[in-house]
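Written out below as structure tokens is the structure these notes cover.
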Amino acid sequence: MKTLWQHCNVATMANGTYSIIEDAAIVTRDGYIEWLGPRQQLPTGEYGQTHGLEGAWVTPGLIDCHTHTVFGGNRSGEFEQRLQGVSYAEIAAAGGGIASTVRATRAASEDELFDSARQRLLCLLRDGVTSVEIKSGYGLSLESERKILRVIRRLGEELPVTVRSTCLAAHALPPEFKDRADDYIEHICNEMLPALAAEGLVDAVDAFCEYLAFSPAQVERVFKVAQQLGLPVKLHAEQLSSLHGSSLAARYQALSADHLEFMTEEDAIAMAASGTVAVLLPGAFYFLRETQLPPMEALRKHGVKIAIASDLNPGTSPGLSLRLMLNMACTLFRMTPEEALAGVTLHAATALGMGETHGSLEPGKVADFVAWNIDRPADLAYWLGGDLDKRVVRSGVDVAL
Ligand code: DI6
Ligand code: FE
């Protein structure tokens with residue numbers, strides 16, 4: 001059945017760039033976009049349904065391409081400690097940080113993890129998100145990483161959102177492997193990844209490349225196994241120091257390298273050559289009160305695609321609004337609202353390997369879009385959070401939340 005959506009303006013993001021059509025019409029059929037253009041040029045046809053959008057601005061459904069939505073407990077106590085002057089690295093060294101979330105996540109049942117993650121994910125969906133990536137990484141053992149990945153799959157089955165799961169077993173060193181990081185990496189490579197991939201729980205593989213996590217050499221071993229398993233890779237790189245993880249990621253044709261505050265121009269050149277997307281995470285930059293800005297000029301100069309994500313996690317970015325991240329990308333990183341919008345649609349789709357089907361509104365792509373009751377697309381990056389009046393359409397069908 002064909003459906004007509006009209007009386008709207010559309011920020012299409014077509015042809016790989018920010019582009020708009022005023023007084024547009026969209027024709028959807030069986031969950032896909034069949035036609036889109038100026039309403040004056042609408043081909044004559046029969047429509048099973050016609051929706052008037054009353055002058056709304058339509059954007060692609062928002063895509064949050066980097067989250068750690070599934071975890072037990074939270075770390076507001078550590079937030080208070082940091083406000084007293086204790087650093088993130090000091091808290092981690094004292095057994096808090098990621099390790100404390102690992103304890104809480106291991107202790108939680110699958111249903112408990114599902115229920116708490118569902119609440120957080122609903123916040124993102126109410127903000128216009130129609131696709132999301134969720135990482136494991138707070139289990140750090142085969143059973144508990146499996147538990148998280150199963151919850152991630154279930155979220156995609158039970159909520160109106162497309163979910164990509166990423167295995168981040170190489171997030172931190174679990175207590176069982178204290179002072180034996182290389183052994184843990186071997187365990188990930190020989191046991192965890194092959195088993196979890198065989199169970200169909202993994203769409204991509206990620207690692208935390210940092211002086212307080214894993215070295216580039218350790219990450220490379222994980223990447224080699226991911227490659228053998230036919231899984232694309234991503235990397236947390238250059239968040240707190242410069243180890244050139246982003247160049248390593250580029251060598252493995254990573255979908256994305258994420259954070260990147262400390263990356264160099266050489267890293268940007270390598271990422272541009274491999275088409276690796278730079279995922280910037282202004283929520284973590286803000287929440288950790290970082291001062292080193294990602295090198296925006298180098299990224300722009302070399303044509304690296306830039307995505308923006310929430311990094312939703314209990315330690316460094318308890319961010320429940322992707323639109324708030326648009327604002328932070330503009331105020332903190334000096335991105336334009338147009339760049340920021342491309343960063344949560346077009347380039348976020350590429351960062352998830354979904355660029356062929358999602359991220360822009362063009363014939364042949366999935367009909368995921370949001371009709372916002374706003375005056376201009378820049379309004380999306382302007383308001384600080386809140387629940388904007390909108391209509392969310394996923395695969396051509398209204399989403400009720
Ligand atoms: N970088 C981050 O910002 C999060 N993970 C990562 O690799 C932090 C996760 C946490 O502190 O719980
Ligand atoms: Fe992260």
Side-chain angles (χ1 to χ4, degrees), residues 11 13 16-20 57 59-68 123-124 127-133 234 236-240 246 255-263 267-268 271-272 276-313 316-352 355 359-360 370 372 374 376-386 388:
M13 306 290 159
T17 183
Y18 178 88
S19 31
I20 61 173
W57 270 95
T59 67
L62 305 190
I63 300 175
D64 195 344
C65 66
H66 179 144
T67 84
H68 310 244
C123 293
L124 294 177
D127 208 32
V129 167
T130 52
S131 298
V132 66
E133 184 254 20
K234 311 170 77 70
H236 284 70
E238 271 69 83
Q239 180 184 9
L240 307 169
S246 43
L255 292 174
S256 70
D258 305 37
H259 286 290
L260 303 176
E261 282 85 343
F262 286 83
M263 76 185 291
D267 295 325
M271 287 177 65
T276 298
V277 177
V279 178
L280 303 184
L281 305 167
F285 175 90
Y286 162 80
F287 198 71
L288 291 179
R289 306 182 69 202
E290 296 289 344
T291 52
Q292 170 89 20
L293 288 161
M296 299 306 304
E297 286 320 311
L299 291 170
R300 289 188 183 112
K301 176 173 151 198
H302 297 290
V304 180
K305 291 176 181 163
I306 304 171
I308 305 293
S310 69
D311 197 12
L312 168 53
N313 78 71
T316 64
S317 189
L320 297 173
S321 163
L322 187 55
R323 263 190 326 96
L324 177 58
M325 303 301 150
L326 294 187
N327 177 274
M328 289 191 190
C330 296
T331 53
L332 300 173
F333 297 166
R334 314 311 289 173
M335 290 178 71
T336 67
E338 294 177 4
E339 284 177 317
L341 184 57
V344 294
T345 53
L346 193 61
H347 303 318
T350 306
L352 296 183
S360 66
V370 185
W372 307 88
I374 54 174
R376 311 168 60 227
D379 291 4
L380 297 177
Y382 165 71
W383 297 108
L384 297 173
L388 295 188

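Just so it is clear, the model here is predicted, and its values are computed rather than measured.
Within the structure, side chain to side chain donor-acceptor pair (under 3.5 Å) contacts touching residues 330-344 (residues at least two apart or in different chains) are Arg300-Glu339. Screening residues 318-329 for side chain to side chain donor-acceptor pair (under 3.5 Å) gives Asp127-Ser321, Asp127-Arg323 as the qualifying pairs, with residues at least two apart or on separate chains. Listed by first then second residue, pairs satisfying salt bridge (charged side-chain N to carboxylate O under 4.0 Å, His left out) with a partner in residues 276-287 number zero, not counting sequence neighbours.
Put simply, the side chain of Leu380 reaches to within 4.5 Å of the side chain of Leu388, judged on heavy atoms. Side-chain contact check for Met263 versus Leu299: some heavy-atom pair is nearer than 4.5 Å.
A search for ring pair (Phe, Tyr, Trp, His ring centres under 6.0 Å) contacts involving Phe262 returns nothing, not counting sequence neighbours. Under the rule for a side chain to side chain donor-acceptor pair (under 3.5 Å), the partners of Thr59 that lie at least two apart in sequence or sit in another chain are Trp372. Tyr18 is linked by a ring pair (Phe, Tyr, Trp, His ring centres under 6.0 Å) to nothing, counting only residues two or more places apart in sequence or in another chain. Considering only residues two or more places apart in sequence or on other chains, Leu255 meets the side chain to side chain contact (heavy atoms under 4.5 Å, CB included) condition with Pro232, Lys234. Scored by the ring pair (Phe, Tyr, Trp, His ring centres under 6.0 Å) test, His259 finds His66, His236 as partners (sequence neighbours excluded). Partners of Thr67 by side chain to side chain donor-acceptor pair (under 3.5 Å), not counting sequence neighbours, listed by chain and number: Thr69. With sequence neighbours excluded, the residues that form a side chain to side chain contact (heavy atoms under 4.5 Å, CB included) with Ala381 are Leu326, Cys330, Pro337.
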Worked verdict on Glu261 versus Leu293 for side-chain contact (heavy atoms from CB on, under 4.5 Å)
CA-CA 5 Å; Glu261 282 85 343; Leu293 288 161; over 6 Å; no
Can you give each donor-acceptor pair under 3.5 Å made by side-chain atoms of residues 340-351, sequence neighbours left out, with the distance rounded to 0.1 Å?
residue	atom	partner	partner atom	Å
Thr345	OG1	Leu341	O	2.7
Thr350	OG1	Leu346	O	3.3

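The CG atom of Leu281 lies 12.0 Å from the CD atom of Glu290; values are rounded to the nearest 0.5 Å.
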